[in-house]
Amino acid sequence: MAQADRSFWRRHRWLLWIGGAALVALAAVTAVVAVIAHRFEPFLRASIVQGLQDRFRTRVELSSFHVAPGNGIHVRWGVWATGRGLRIWPPQRAGGDHPLETAVQSVPLIALEEFSFHVPFSWDSRAWMHISQVRLQGLDIHVPPKSERRGGDGIEAATRPTSSSTAGTVQGGSGAANARNSATQPGGGMVLSNLVIDRIDCEHGQLVLETDKPDKLPLGFAISHLHLTHVTSGGPMGFETDLTNPKPEGVIHATGSFGPWIATDPGESAVSGAYRFEHADLSSFKGIAGILFSTGHFQGTLRNIDVQGEANVPDFRLSHFGNPMPLHTQFHARVDGTDGDTWLNPVDATLGRSHFTTEGHVVRVKTRAAGPLPVSELGRAAPFEGGHLIDLKVNVDRGHIEDFLRLATHSQTPLLTGDVGVRATLHIPPGKEPVHERIKLDGSFRLAQAHFTSDKIQGRIEDLSLRGQGKPGDVKKVDPNTVTSAMQGTFHMLNAVITLPDLQYDVPGAAIRLSGTYALDGMLDFSGTARMHATVSQMVGGWRGILLKPADRFFKKDGAGTLVPIKIRGTRESPEFGLDLGGVKSTKPQSPAGKH
């Protein structure tokens, strides 16, 4: 068999010669293409820079550029082009004779650390030209505010369709560049509008949208990964991205469709899709903590995005107190994607077992610190210091007071239980202080079936109720836990102190009216009156009550059996109840004519 093989190759030795020649020819062609590509690099680099300058009408820099033969995703042979250090500067903001000069202390409109793309050696000039893949590394796009975007320069000029009447006036580096600007439809020459990029892969990018509003922060997006598909000039594109959200810190995975990009007003660019927000650490907001998970979908324009979704924080807590509570929300919101402002209408939420709704807005504001800010590696000033201004209306319709108290106490056991309803307005300005020190609350509440968890306090409530009904002998017979109370009033919270100007507290046999303050650190300071149905002698009972009958007339007033001034001092855990002696001294005995 081996002899037969050797005999075959002796008779067909010409096949070996042809195969060898083909390999040599292929190597020679590859070498020639590589040499041509190398020689072509300066010309192609100059053409790219000139083309971008013509398109953006501003100065363009490209640190290095190289080309090499290779095949693309669809195994089509062509040229792989790689560039580094691309910078497209914003145009001169003032008029003049030097349009390619840049503003003083400006930063690049577009900065790109590295890019590469594949162009086939041949294509059908009557069809769309496809670039299979573009790879971007370290993309930084800085969109100036609308007032600084001149209609004929920058991104607006680059994305405006070019007519054949104006293409001939463009000063370019080659005839091909001018030809690419002379048509807008397939078959009319290879132009930007005749180009389809199948896929753009971007790693480690950043998009910053500046604003004209002096009290607003620039809106920045840190892009971990971005994949764009079917990218055309003036058309929508598909996207899939992973964004690193700075506050609260977490990863947003989003998919959908974006565009076409409206360069004259980016806020009118269409966007739609779905998102998943995972492992968002709420501790980046001073004063609160917990890990947030959220999913939802969105559609609209960049300036007016309609968002519907739900969010869960299984361990929501105030950092100062540290007691976690489960928080679940379903929301419908409108978001301005150009500055991050959010309008909630409404949010349906459950904290523990308590249901409430809220609506209002969350606005990003600027609180820039004095002095120069650090500058990033890309030459960009570091982000402004700032935060969120929150204004909400809150309606607690099916609440349990223990759920809310658990958040605002160090103890695992809340001071009070009961059914609560609240209507309030909430205002939280930005700042470095903990949230509970910045909250401003104004509203009213109503508490029913209230029961104190402290045996000492609940015992005092039972004693007050029974004596107020004139049943002092039942104090040791009745279970204190069977006595419930009701409470209502208005409140104002500022600097972590709740002011209650007209607190009404009612138990069977007694009505207490108080005004004072309750600090979130637990300090109490209230004064007011206690109205009892029974007289002083009836409240005491027994032989002591008989002795006190002459004193009844000193405490009867306004139809009450007993009306005494009282005060409450001390702490939440150890309150001190007592008579307000100053009020007692000012009390005059009721005259016989004043009796009913």
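Bear in mind the structure is a predicted one, so any value in this text is a computation, not a measurement.
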- Query: Between R135 and E114, does at least one N-O distance fall below 4.0 Å, as a salt bridge requires?
  - Reply: no

- Query: Could you go step by step and tell me if I288 and R317 meet the side-chain contact (heavy atoms from CB on, under 4.5 Å) rule?
  - Reply: CA-CA 6 Å; I288 65 174; R317 60 194 182 275; over 6 Å; no

- Message: I'd like to check L86 versus F115 (side-chain heavy atoms, cut-off strictly below 4.5 Å). Are they in contact?
- Response: yes

- Message: Test side-chain contact (heavy atoms from CB on, under 4.5 Å) on F331 and V307; report intermediate values, then the result.
- Response: CA-CA 8 Å; F331 60 87; V307 184; 3.9 Å; yes

- Got V196 and V231 here, is their nearest side-chain heavy-atom distance under 4.5 Å? no

- Rounding to 0.5 Å, atoms OG (S485) and CD1 (I461) come to a distance of 6.0 Å

- Query: Is atom CD of E61 surrounded by more than 12 heavy atoms (other residues, nucleotides or ligands) closer than 6.0 Å?
  - Reply: yes

- Message: Strictly below 4.0 Å, N to O, side chains only: are R303 and E268 in salt-bridge contact?
- Response: yes

- Task: On the 0 to 90° scale, with breaks at 30° and 60°, tag the H225-H204 ring pair as parallel, tilted or perpendicular.
- Result: tilted

- Query: Between L520 and I498, is any pair of side-chain heavy atoms under 4.5 Å apart?
  - Reply: yes

- Side chains of S269 and F258: does their closest heavy-atom pair fall under 4.5 Å? yes

- Query: Can you find a side-chain donor-acceptor pair between Q488 and Q504 that sits under 3.5 Å?
  - Reply: yes

- Verdict with supporting geometry, F277 and F293, side-chain contact (heavy atoms from CB on, under 4.5 Å): CA-CA 6 Å; F277 192 14; F293 300 83; over 6 Å; no

- Message: Please find the pair of heavy atoms, one from T241 and one from F239, that lie closest to each other, and give the distance.
- Response: CG2-CD1, 4.1 Å

- Taking atom NE2 of H230 as the centre, does the number of heavy atoms from other residues, nucleotides or ligands within less than 6.0 Å exceed 12? no

- Task: Keeping the roles fixed (side chain from Q458, backbone from F452), state whether a donor-acceptor pair exists under 3.5 Å.
- Result: yes

- Item | Donor-acceptor contact present, side-chain T453 to main-chain P414, <3.5 Å | yes

- Return yes if a side-chain donor-acceptor contact under 3.5 Å exists between Q412 and N323, otherwise no. yes

- Item | Donor-acceptor pair, side chain of D281 and main chain of S283, under 3.5 angstrom | yes

- Query: Which pair of heavy atoms, one from T499 and one from P501, lies closest together, and at what distance?
  - Reply: O-CD, 3.5 Å

- Message: Whether the T295 and Y275 side chains hold a donor-acceptor pair (N or O, under 3.5 Å, no angle test) is what I'd like checked.
- Response: no

- Task: Write down the atom of D315, the atom of G290, and the distance for their closest heavy-atom approach.
- Result: OD1-CA, 3.4 Å

- Task: Indicate yes or no: at least one non-hydrogen side-chain atom of L112 is less than 4.5 angstrom from one of L136.
- Result: yes

- Message: Quick check for you: to the nearest 0.5 Å, what is the distance between N345 atom CG and H361 atom NE2?
- Response: 12.5 Å

- Polar side chain donor-acceptor pair, E437 to N495, under 3.5 angstrom: no

- Message: Please find the pair of heavy atoms, one from D201 and one from Q133, that lie closest to each other, and give the distance.
- Response: OD2-NE2, 2.7 Å

- Query: Going from CD1 on I457 to CG on L415, what distance comes out if it is rounded to the nearest 0.5 angstrom?
  - Reply: 5.0 Å

- Task: Determine the minimum heavy-atom distance between T517 and F526, stating which atoms define it.
- Result: O-CE1, 3.3 Å

- Non-hydrogen side-chain atoms of T244 and S224 separated by less than 4.5 Å: yes

- Just checking, is any N or O donor in the side chain of S354 or D403 under 3.5 Å from an acceptor N or O on the other one? yes

- Query: Below 4.5 Å, heavy atoms only, C-beta onward: do M493 and K440 meet side chain to side chain?
  - Reply: no

- Query: Is the side chain of R438 donor-acceptor paired with the backbone N or O of P429 at a distance under 3.5 Å, no angle test?
  - Reply: yes

- Query: Among T342, L302, N304, which one satisfies side chain to side chain contact (heavy atoms under 4.5 Å, CB included) with V335?
  - Reply: T342

- Query: Can you tell which of Q330, H355, H328 makes a side chain to side chain donor-acceptor pair (under 3.5 Å) with D348?
  - Reply: H355

- Task: For G360 and L392, work out which heavy atoms get closest and say how close.
- Result: CA-CD2, 3.8 Å

- Pair F491-V422, side-chain contact (heavy atoms from CB on, under 4.5 Å): steps then yes or no: CA-CA 10 Å; F491 60 89; V422 180; 3.9 Å; yes

- Task: With rounding to the nearest 0.5 Å, note down the distance linking CG in L344 to OG1 in T357.
- Result: 11.5 Å

- Just checking, is any N or O donor in the side chain of S444 or T490 under 3.5 Å from an acceptor N or O on the other one? no

- Message: Could you check whether H332 and D306, counting side-chain N and O atoms only, form a donor-acceptor pair closer than 3.5 Å?
- Response: yes

- Query: What's the verdict on salt bridge (charged side-chain N to carboxylate O under 4.0 Å, His left out) for E359 and K393, showing C-alpha distance, side-chain angles and the deciding distance?
  - Reply: CA-CA 5 Å; E359 58 182 321; K393 293 180 180 179; over 6 Å; no

- Item | Nearest-0.5 Å distance that lies between atom CG in D198 and atom CG in L228 | 12.5 Å

- Report yes or no: does D242 contribute a side-chain atom to a donor-acceptor pair with the main-chain N or O of I223 at less than 3.5 Å? no

- Query: Hey, does T82 have a side-chain heavy atom less than 4.5 Å from the side chain of R84?
  - Reply: yes

- To the nearest 0.5 Å, how far apart are OG1 in T413 and CG in L405? 11.5 Å

